[in-house]
Amino acid sequence: MYTFSNKLKTFSIALIILGVLGVGYGFMTSHKSFEEVEHLLAEESHHGGGHAETAHDNINQHEKHVKHVQHQIANRPWSALYVAAFFFMMIALGVLAFYAIQIASQAGWSPVLFRVMEGITAYLLPGALIVLGIAAASHFIGHNNLFIWMDPEVVAEDKLIQGKTSWLNIGGFIIRGLIFIAGWAAYRHFSRKFSIAQDTAEDKSYFKKSFRISAAFLVFFIYTESMMSWDWIMSVDPHWFSTLFGWYVFASMFVSGITVIALITIYLKSKGQLEFVNENHLHDVAKFMFAFSIFWTYLWFSQFMLIWYSNIPEEVTYFVTRFQDYKLPFLGMVVMNFVFPILMLMNADYKRIPWFVVMAGLVILFGHYIDIFNMIMPATVGDRWFIGVPEIGSILLFAGLFIFIVFTALTKAPLLVKGYPFRKESEDFHY
């Protein structure tokens with residue numbers, strides 16, 4: 001049985017405390033008065049800053065602009081919190097889908113990693129509830145800081161959003177979210193229960209149950225993951241849509257989840273655990289990291305190229321905003337999520353070197369955090385973005401919570417699925 005070391009537990013709690021302080025600071029400093037924002041814009045205009053507008057001849061227009069910037073500044077801590085919460089939640093959801101695929105396909109190489117996957121998916125229920133909670137709180141406690149379609153005043157003046165109110169309404173949003181979470185959590189609960197029961201079972205009945213519910217879950221997942229990505233991510237830009245978006249978010253969560261499986265496996269091996277995991281298992285996980293980085297790039301390019309080529313104004317505005325105000329993170333994430341994995345993980349030998357996989361994995365994870373950042377921030381904070389205390393604090397908070405929950409879950413069962421039919425095949429896995 002694995003024991004959660006005091007050092008790692010203290011580290012995770014320290015991250016949570018630092019994160020809470022950073023998030024608190026972000027919220028405390030985000031409320032600027034009209035005069036403060038006006039002064040800020042005047043300074044930016046004086047220094048030739050890219051954030052300022054010069055059309056001050058019209059008083060009403062000037063007032064509107066100041067209030068708009070005031071609202072963007074207030075949105076920043078909410079957005080930073082939401083981006084980090086979604087990022088860590090999607091890692092757990094990506095791992096759950098990967099785990100279900102391994103069971104449904106009866107893969108022979110991966111059973112020795114099942115308990116690592118089960119540990120990571122323990123974060124899914126609390127993580128998803130937190131994401132939904134932040135979204136709902138931004139409406140009920142905040143001032144619709146994330147989703148403008150939740151603001152009745154905006155809807156009253158926007159014909160396009162009015163046409164979508166049958167789907168984009170706060171009640172439907174919360175109910176759908178709870179249905180998604182309930183389905184994911186139910187599968188995680190029963191698959192884990194059957195996995196542990198199979199350790200001491202005298203027949204393969206629990207394995208068969210796992211196989212059946214995994215196949216059913218994958219059908220449920222395909223539908224709910226797409227709807228979740230529309231609700232929780234795409235609807236921050238209610239005027240824009242992409243038919244590829246569900247797949248695009250899936251690719252991001254899948255590669256991030258597989259990367260975390262690799263990182264946690266390497267960490268546990270460095271501590272003398274998982275002695276049955278060999279370099280061939282690591283090589284296969286790194287192959288998935290490489291393959292799904294390519295898949296993500298294919299979807300990113302397909303979405304971008306089709307919208308750029310058709311040049312329809314209501315579609316291209318999505319990318320125009322990101323090129324104008326987010327050029328560094330927008331192009332930087334393509335380097336981190338495509339160019340870097342290609343260079344680092346194409347060579348088969350490098351996939352067997354733990355420190356090399358860790359280095360590539362950390363870059364991939366940061367790249368996909370920036371990907372989520374690019375999806376949310378332009379719609380909520382516009383050109384007021386910055387990676388500062390609220391963003392770093394939010395990452396630390398959820399990283400600490402993720403480590404605490406995942407490693408606590410790892411202590412609850414042996415790290416090897418002893419009764420699984422393909423266990424021996426997985427232990428002897430080699431090329």
Side-chain angles (χ1 to χ4, degrees), residues 1-9 11-12 91-92 94-103 105-124 188 191-192 194-200 207 210 255-290 345 348-362 364-365 399 402-431:
M1 293 285 281
Y2 170 70
T3 306
F4 191 0
S5 72
N6 286 329
K7 193 181 286 184
L8 186 60
K9 191 179 286 185
F11 176 67
S12 67
I91 288 170
V95 171
L96 189 68
F98 187 68
Y99 176 72
I101 289 167
Q102 300 307 303
I103 294 173
S105 64
Q106 299 189 4
W109 71 276
S110 54
V112 292
L113 299 172
F114 278 3
R115 288 289 150 82
V116 173
M117 298 183 207
E118 289 167 16
I120 296 167
T121 56
Y123 181 78
L124 180 57
R188 195 270 165 187
S191 61
R192 167 78 161 174
F194 296 155
S195 173
I196 292 170
Q198 187 61 51
D199 282 356
T200 52
F207 164 72
S210 288
V255 72
S256 300
I258 292 164
T259 300
V260 171
I261 293 171
L263 295 181
I264 291 178
T265 300
I266 290 167
Y267 170 79
L268 289 172
K269 275 197 77 64
S270 74
K271 297 298 178 186
Q273 305 287 336
L274 302 180
E275 64 282 352
F276 39 82
V277 174
N278 60 46
E279 64 174 18
N280 297 301
H281 297 107
L282 180 62
H283 177 264
D284 261 27
V285 175
K287 272 203 298 193
F288 276 108
M289 287 165 60
F290 174 76
L345 296 173
D349 295 333
Y350 291 167
K351 296 188 189 84
R352 298 173 186 273
I353 304 171
W355 70 265
F356 213 86
V357 175
V358 169
M359 186 167 62
L362 291 174
I364 289 170
L365 285 179
F402 184 85
I403 292 168
F404 188 85
I405 291 171
V406 168
F407 283 89
T408 300
L410 287 171
T411 65
K412 305 294 184 187
L415 292 179
L416 179 63
V417 281
K418 293 171 184 167
Y420 197 79
F422 299 113
R423 187 197 98 181
K424 191 77 180 125
E425 183 182 337
S426 183
E427 284 182 301
D428 295 340
F429 178 64
H430 65 277
Y431 292 122

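Within the 3.5 Å criterion, the main-chain N or O of D199 finds no donor-acceptor partner in the side chain of K418. Remark: side-chain polar atoms of S12 are not paired, donor with acceptor, to backbone N or O of I403 under 3.5 angstrom. Counting only distance, with no hydrogens or angles, the side chain of S110 and the backbone of L113 share no donor-acceptor pair below 3.5 Å. Under a 3.5 Å cut-off, the side chain of S426 and the backbone N or O of F422 do not form any donor-acceptor pair. For Q102 (side chain) and A107 (main-chain N/O), no donor-acceptor pair under 3.5 Å exists by modelled atom type. The closest donor-acceptor contact from the side chain of T121 to the backbone of A92 lies at 3.5 Å or more, if one exists at all. Judged by distance alone, with hydrogens and angles left aside, the side-chain atoms of R423 form no donor-acceptor pair with the main-chain N or O of P111 at under 3.5 Å.
In this structure, the side chains of L345 and I364 come closer than 4.5 Å at one or more pairs of heavy atoms. With contacts defined as side-chain heavy-atom distances shorter than 4.5 Å, the pair V277/L282 does not qualify. Side-chain contact between K269 and H281 is absent, with no heavy atoms from C-beta onward closer than 4.5 Å. At a threshold of 4.5 Å between non-hydrogen side-chain atoms, the residues F356 and D349 do not count as touching. Contact check for L365 versus S256: side-chain heavy atoms found under the 4.5 Å cut-off. T411 places none of its side-chain heavy atoms less than 4.5 Å from the side chain of T3. Annotation: side chain of F288 is not in contact with side chain of V285 (no heavy-atom distance under 4.5 Å). Here the side chains of T259 and I91 are not in contact, with every heavy-atom distance at 4.5 Å or above.
For the residue pair I261 and T265, the shortest heavy atom distance occurs at O-OG1, 2.6 Å. Taking every heavy atom of both residues into account, A286 and V357 meet most closely at CB-CG2, 4.2 Å. Nearest heavy-atom pair, E425 versus G108, reported as atom, atom and distance to 0.1 Å: OE2-CA, 3.4 Å. In plain terms, the two heavy atoms of F404 and T408 that are nearest each other are O-OG1, 2.5 Å. Contact between G361 and M289 at its shortest, heavy atoms only, is CA-CE, 3.9 Å. Of all the heavy atoms in L268 and Y2, the pair that sits closest is CD2-CE1, 3.6 Å.
In this structure, CD in Q106 is found 4.0 Å from CZ in F207, a value given to the nearest 0.5 Å. Taken to the nearest 0.5 Å, the CG atom of D284 stands 8.5 Å off from the CZ atom of R352. For the atom pair CD of Q198 and CZ of F114, the computed distance is 11.5 Å after rounding to the nearest 0.5 Å.
Side-chain contact check for N280 and H283: no donor-acceptor pair (N or O, by modelled atom type) lies under 3.5 Å. Side-chain contact check for S195 and E118: at least one donor-acceptor pair (N or O, by modelled atom type) lies under 3.5 Å.
Within a 6.0 Å radius of CZ in F11, other residues, nucleotides and ligands contribute 12 heavy atoms or fewer. For Y267, the OH atom sits in a packed shell: over 12 heavy atoms of surrounding residues, nucleotides or ligands are nearer than 6.0 Å.
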Start with the C-alpha distance between V112 and L274, add both sets of side-chain angles, then the distance that settles side-chain contact (heavy atoms from CB on, under 4.5 Å), and finish with yes or no.
CA-CA 8 Å; V112 292; L274 302 180; over 6 Å; no
Check the pair V260 / F402 against side-chain contact (heavy atoms from CB on, under 4.5 Å), numbers first and verdict last.
CA-CA 11 Å; V260 171; F402 184 85; 4.0 Å; yes
List the steps, then state whether side-chain contact (heavy atoms from CB on, under 4.5 Å) holds for Q273 with L416.
CA-CA 10 Å; Q273 305 287 336; L416 179 63; over 6 Å; no
Decide yes or no on side-chain contact (heavy atoms from CB on, under 4.5 Å) for F407 and K9, but give the supporting numbers first.
CA-CA 8 Å; F407 283 89; K9 191 179 286 185; over 6 Å; no
